[in-house]
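Right, one structure below, let's go through it.
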Amino acid sequence: MADGTKFLLLFLLLNSLTLCFCTKQDIRCLKSMQQSVIDPKSVLKSSWNFENETDGFICRFTGVECWFTYENMVLSLRLGNLGLQGAFHQGLHDCASMIGLDLLNNNFSGPIPPDFSRQVPYLTSLDLSYNRFSGSIPQNISIMTYLNLLNLQHNQLNGQIPP
């Protein structure tokens, strides 16, 4: 084979391995999310079935939007108005390609983690409104380069808004 062809095949192989790794991370993110939240209406329990494992199976879960319907890569989580409860989920870093997070109008409580911006650095929209989050807004939220929409209203947050 010519060197150019070998390089192209190697590039495609490595690219597909990376893609598979990301989808496993995204599945791990959703599994840990499902396990960590209190779901009194059983919305996630009934909708998020991890036994299927066909291409794009997580894209059919309630509140999960994918980049492409045939890949298991989370674009955004839209989990508003589901009555979910608990602390802020710490496993979001496994949803490495996620750009939207909507937890609007649930019963989440406790602080927003101080390392939140490192967990999901590519978010363009974040809606945590109408929950019971408390404490201060993490200072490093201001370094989230891509964040265009931030809604934190109707929580129990205190302190200064980061510059």
Side-chain angles (χ1 to χ4, degrees), residues 15 17-40 43-45 47-50 53 56-69 71-163:
N15 195 29
L17 289 175
T18 303
L19 188 60
C20 292
F21 180 67
C22 287
T23 61
K24 288 179 184 177
Q25 279 185 298
D26 288 53
I27 293 167
R28 186 170 50 240
C29 171
L30 296 179
K31 279 183 179 179
S32 66
M33 169 72 97
Q34 183 188 46
Q35 293 167 355
S36 73
V37 301
I38 299 166
D39 183 12
V43 175
L44 302 186
K45 185 178 180 182
S47 159
W48 291 18
N49 179 358
F50 292 97
E53 294 193 21
F57 77 99
I58 66 171
C59 305
R60 294 183 288 278
F61 290 179
T62 297
V64 176
E65 294 178 41
C66 294
W67 285 92
F68 301 101
T69 56
E71 290 180 341
N72 291 322
M73 292 179 66
V74 176
L75 171 67
S76 62
L77 287 176
R78 308 244 178 255
L79 302 176
N81 301 302
L82 297 179
L84 302 174
Q85 302 171 13
F88 195 94
H89 180 59
Q90 294 289 321
L92 291 176
H93 62 277
D94 284 329
C95 285
S97 61
M98 183 171 65
I99 63 167
L101 179 60
D102 177 355
L103 301 178
L104 162 75
N105 200 28
N106 282 292
N107 290 306
F108 289 107
S109 59
I112 299 170
D115 66 339
F116 173 72
S117 66
R118 280 184 236 115
Q119 287 187 41
V120 282
Y122 303 112
L123 283 186
T124 60
S125 69
L126 173 62
D127 192 343
L128 303 179
S129 61
Y130 294 91
N131 280 283
R132 293 180 293 130
F133 289 112
S134 59
S136 61
I137 301 169
Q139 287 293 315
N140 59 12
I141 207 163
S142 64
I143 64 168
M144 295 181 75
T145 309
Y146 305 104
L147 194 61
N148 292 312
L149 171 77
L150 175 62
N151 193 347
L152 301 173
Q153 68 180 337
H154 297 281
N155 278 287
Q156 298 166 359
L157 299 168
N158 59 40
Q160 297 291 316
I161 298 173

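What's counted below: heavy atoms across the whole structure, side chains too, no hydrogens, waters or symmetry copies.
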| task | Report the C-alpha distance between H154 and S129 in whole Å, list the side-chain angles of each, state the deciding distance to 0.1 Å, and finish with yes or no for side chain to side chain contact (heavy atoms under 4.5 Å, CB included). | result | CA-CA 6 Å; H154 297 281; S129 61; 5.6 Å; no
Close side-chain approach of [X] and [Y], heavy atoms under 4.5 Å:
| X | Y | answer |
| --- | --- | --- |
| S136 | N158 | yes |
| H93 | D115 | no |
| V74 | I58 | yes |
| V120 | L126 | no |
| F108 | Q85 | no |
| S97 | D26 | yes |
| L92 | M33 | yes |
| L77 | V64 | yes |

| request: State, to 0.1 Å, how close P138 and P113 come at their nearest heavy-atom pair, and which atoms those are. | output: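 Scanning both residues completely, I find the closest heavy atoms to be CG-O, 3.5 Å.
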| field | Non-hydrogen atoms of Q139 and P163 that approach each other most closely | value |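 So the two residues come closest at OE1-CD, 4.1 Å.
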| Derivation of the side chain to side chain contact (heavy atoms under 4.5 Å, CB included) call for Y130 and Q153 | CA-CA 6 Å; Y130 294 91; Q153 68 180 337; 3.9 Å; yes
Could you state the interatomic distance from [atom1] ([X]) to [atom2] ([Y]), rounded to the nearest 0.5 Å?
| X | Y | atom1 | atom2 | answer |
| --- | --- | --- | --- | --- |
| C95 | L123 | SG | CG | 10.0 Å |
| L103 | L82 | CG | CG | 9.5 Å |
| I141 | L152 | CD1 | CG | 6.0 Å |
| L84 | Q34 | CG | CD | 10.5 Å |
| L30 | W48 | CG | CH2 | 4.5 Å |
| T124 | I99 | OG1 | CD1 | 4.0 Å |

| How far apart are the C-alpha atoms of N107 and I38, what are their side-chain angles, what is the distance that settles it, and do they pass the side chain to side chain contact (heavy atoms under 4.5 Å, CB included) test? | CA-CA 9 Å; N107 290 306; I38 299 166; over 6 Å; no
Closer than 3.5 angstrom, by distance alone: can the side chain of [X] be matched with the main-chain N or O of [Y] as a donor-acceptor pair?
| X | Y | answer |
| --- | --- | --- |
| S142 | P162 | no |
| Q25 | A96 | no |
| S47 | L44 | no |
| N72 | G56 | yes |
| S125 | G100 | no |

| field | Neighbour count >12 (heavy atoms, 6.0 Å) for atom CG, L149 | value |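 Yes, CG of L149 has more than 12 neighbouring heavy atoms, counting only those of other groups under 6.0 Å.
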| Has F50 got more than 12 heavy atoms of other residues, nucleotides or ligands less than 6.0 Å from its CZ? |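 Yes - once you tally the heavy atoms of other residues, nucleotides and ligands closer than 6.0 Å, there are more than 12.
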| Residues forming a ring-ring contact (aromatic ring centres under 6.0 Å, His included) with W67, sequence neighbours excluded |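 Counting only residues at least two positions away or on another chain, W67 forms no ring-ring contact (aromatic ring centres under 6.0 Å, His included).
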| Is a salt bridge present between D39 and K45, judged by a nitrogen-to-oxygen distance below 4.0 Å? |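 A salt bridge is absent here (no side-chain N lies under 4.0 Å from a carboxylate O).
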| field | Partners passing side-chain contact (heavy atoms from CB on, under 4.5 Å) against I143 (at least two apart in sequence or in another chain) | value |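 Partners of I143 under the side-chain contact (heavy atoms from CB on, under 4.5 Å) test: S117, N140.
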| task | Name all pairs fulfilling the salt bridge (Lys or Arg N to Asp or Glu O under 4.0 Å) condition that reach into residues 73-90, sequence neighbours left out, sorted by first residue then second. | result |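 Checked against salt bridge (Lys or Arg N to Asp or Glu O under 4.0 Å) - neighbours excluded - the pairs reaching residues 73-90 are E65-R78.
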| said: Is there a side chain to side chain contact (heavy atoms under 4.5 Å, CB included) between L157 and I112? Walk through the geometry before answering. | reply: CA-CA 9 Å; L157 299 168; I112 299 170; 4.2 Å; yes
